[in-house]
Amino acid sequence: MNVTRGFTGRPRVHNPGLPPGQYDAGDDWPVLSAEVTPDLAASDWTFRVDGLVERPQTWDWAAAHALPASSYEGDIHCVTSWSKFGVRFGGVSLDTFLAAVGPHASATHAVAYAHTGYTASLPLADLTGGRAWIAFEYDGRPLAAEHGGPARLLVPHLYFWKSAKWIAGLTLLDHDEPGFWEQNGYHARGNPWDEQRYSGD
Ligand SMILES: Nc1nc2c(c(=O)[nH]1)N[C@H]1C(S)=C(S)[C@@H](COP(=O)(O)O)O[C@H]1N2
Ligand SMILES: [Mo]
């Protein structure tokens with residue numbers, strides 16, 4: 001009758017994929033929105049890239065879906081300390097959109113803005129190199145509205161507040177222009193592995 005605790009349930013081994021100060025949310029996917037989930041139909045969704053680019057361009061749902069598909073399978077990390085492992089998103093690589101507009105050499109940063117008005121600022125380098133997407137799908141299904149559907153920005157190697165839900169566009173700049181959370185004391189870059197939570201970290 002010597003039942004050893006630990007033979008049942010999730011093994012609590014240290015996960016090397018967990019950045020400092022984070023915990024594994026398991027199957028939960030918390031919803032974090034500063035605004036009310038908008039009623040945004042795919043047919044009303046557009047994505048624009050402008051600012052310091054050669055050819056500013058706006059894609060609608062059909063035009064964005066005509067681009068080569070690209071997916072992400074990996075982890076996401078929220079600054080409120082939950083991480084989620086092995087998520088799958090489908091969409092289009094931001095490299096594809098950026099190649100179409102032709103960023104100026106002077107462009108160093110981007111402000112991502114949502115159809116709701118939410119903004120997040122990022123170094124442009126973090127949006128290139130196959131590390132950022134416009135995501136339409138989660139786990140092979142349309143992205144749920146509360147998680148940013150019909151489309152969100154996905155920059156999974158940075159804290160998740162950079163991944164603007166209901167993404168409407170990117171404006172490329174030659175300087176950092178703090179977005180919603182960055183104006184409220186959060187870090188300009190937000191690399192979870194360096195625990196860049198707040199400005200000054
Ligand atoms: N438009 C918009 N995008 C947003 C947010 C938001 O409040 N509004 N919150 C950010 C934060 S802090 C996180 S952790 C993730 C949460 O995404 P989720 O609700 O799909 O988990 O979205 C990010 N993108
Ligand atoms: Mo977050």
Side-chain angles (χ1 to χ4, degrees), residues 10 12-38 40 70-91 93-94 109-168 170 176-201:
R10 238 174 239 276
R12 303 207 176 266
V13 292
H14 173 70
N15 189 331
L18 206 53
Q22 296 291 109
Y23 75 93
D24 181 355
D27 292 334
D28 289 343
W29 188 5
V31 172
L32 278 103
S33 304
E35 67 274 57
V36 171
T37 296
L40 179 62
S70 172
S71 61
Y72 170 72
E73 184 158 0
D75 312 329
I76 53 178
H77 311 288
C78 172
V79 73
T80 61
S81 83
W82 57 267
S83 290
K84 197 167 163 53
F85 289 92
V87 299
R88 279 198 303 140
F89 285 94
S93 172
L94 260 194
H109 290 78
V111 172
Y113 56 96
H115 282 277
T116 54
Y118 178 91
T119 54
S121 60
L122 305 102
L124 182 57
D126 282 309
L127 295 173
T128 64
R131 295 181 301 162
W133 290 262
I134 297 300
F136 316 116
E137 289 181 2
Y138 180 78
D139 234 354
R141 297 213 181 79
L143 184 62
E146 68 264 31
H147 289 301
R152 76 181 298 160
L153 180 63
L154 175 68
V155 192
H157 70 285
L158 300 180
Y159 283 124
F160 213 34
W161 88 77
K162 303 288 184 179
S163 294
K165 304 196 277 190
W166 315 295
I167 187 71
L170 294 175
D176 183 29
E177 200 167 289
F180 180 80
W181 285 114
E182 295 87 9
Q183 285 168 31
N184 284 285
Y186 285 81
H187 199 274
R189 179 157 188 245
N191 177 359
W193 297 99
D194 291 339
E195 249 194 303
Q196 295 172 339
R197 297 179 193 272
Y198 308 105
S199 61
D201 283 351

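Every heavy atom of this structure was used, including side-chain atoms; hydrogens, water molecules and symmetry mates were not. This one's a predicted model, so the numbers in the text were calculated from it and none came from an experiment.
The aromatic rings of Trp82 and Phe160 sit perpendicular, their planes meeting at an angle over 60°, well past the 30° parallel limit. Ring-plane geometry between Phe89 and Trp29 is classed as perpendicular, the angle between the planes exceeding 60 degrees on a 0 to 90 degree scale with a lower cut at 30. The aromatic rings of Tyr118 and Phe180 sit tilted, their planes meeting at an angle between 30° and 60°.
How far NE2 of His77 is from CG of Asn191: 9.5 Å, rounded to the nearest 0.5 Å. Considering NE2 of His115 and NZ of Lys165, their distance stands at 15.0 Å, rounded to 0.5 Å. Going from atom CG of Leu122 over to atom CD of Glu177 covers 13.0 Å, rounded to the nearest 0.5 Å. Here Ser93 contributes atom OG and Leu127 contributes atom CG; the two are 10.0 Å apart, rounded to the nearest 0.5 Å. Atom CG of Leu94 is separated from atom CD1 of Ile134 by 5.0 Å, given to the nearest 0.5 angstrom. Rounded to the nearest 0.5 Å, atoms CG (Asp139) and CZ (Arg88) are 5.0 Å apart.
A heavy-atom distance below 4.5 Å is found between the side chains of Trp166 and Thr37. When side chains are defined from C-beta on, Leu18 counts as touching Ser83, because their heavy atoms get closer than 4.5 Å. Using a 4.5 Å heavy-atom threshold, the side chains of Glu195 and Tyr159 count as touching.
Closest approach of Ala168 to Ala114, counting heavy atoms only: CB-C, 3.6 Å. The nearest pair of heavy atoms linking Trp161 to Glu182 is NE1-OE2, 2.8 Å. Shortest non-hydrogen contact noted between Glu35 and Thr116 is OE2-OG1, 2.5 Å. For the pair Trp193 and Pro16, the tightest heavy-atom approach, listed with the atom from each and the gap, is CH2-O, 3.9 Å. Minimum heavy-atom separation, Asp24 to Gly26: OD1-N, 2.7 Å. Minimum heavy-atom separation, Cys78 to Gln22: O-NE2, 3.0 Å.
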List, one per line, each side-chain donor-acceptor pair under 3.5 Å for residues 140-158, sequence neighbours excluded.
| unit_1 | atom_1 | unit_2 | atom_2 | d |
| --- | --- | --- | --- | --- |
| Arg152 | NH1 | His147 | O | 2.8 |
| Arg152 | NH2 | Ser163 | O | 3.0 |
| His157 | NE2 | Asp126 | OD1 | 2.8 |
| His157 | NE2 | Arg131 | NH1 | 3.4 |

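Every residue two or more places apart in sequence or in another chain was checked for a side-chain contact (heavy atoms from CB on, under 4.5 Å) with Glu137, and none qualifies.
Judged by distance alone, the side chain of Asp28 and the main-chain N or O of Pro30 form no donor-acceptor pair under 3.5 Å.
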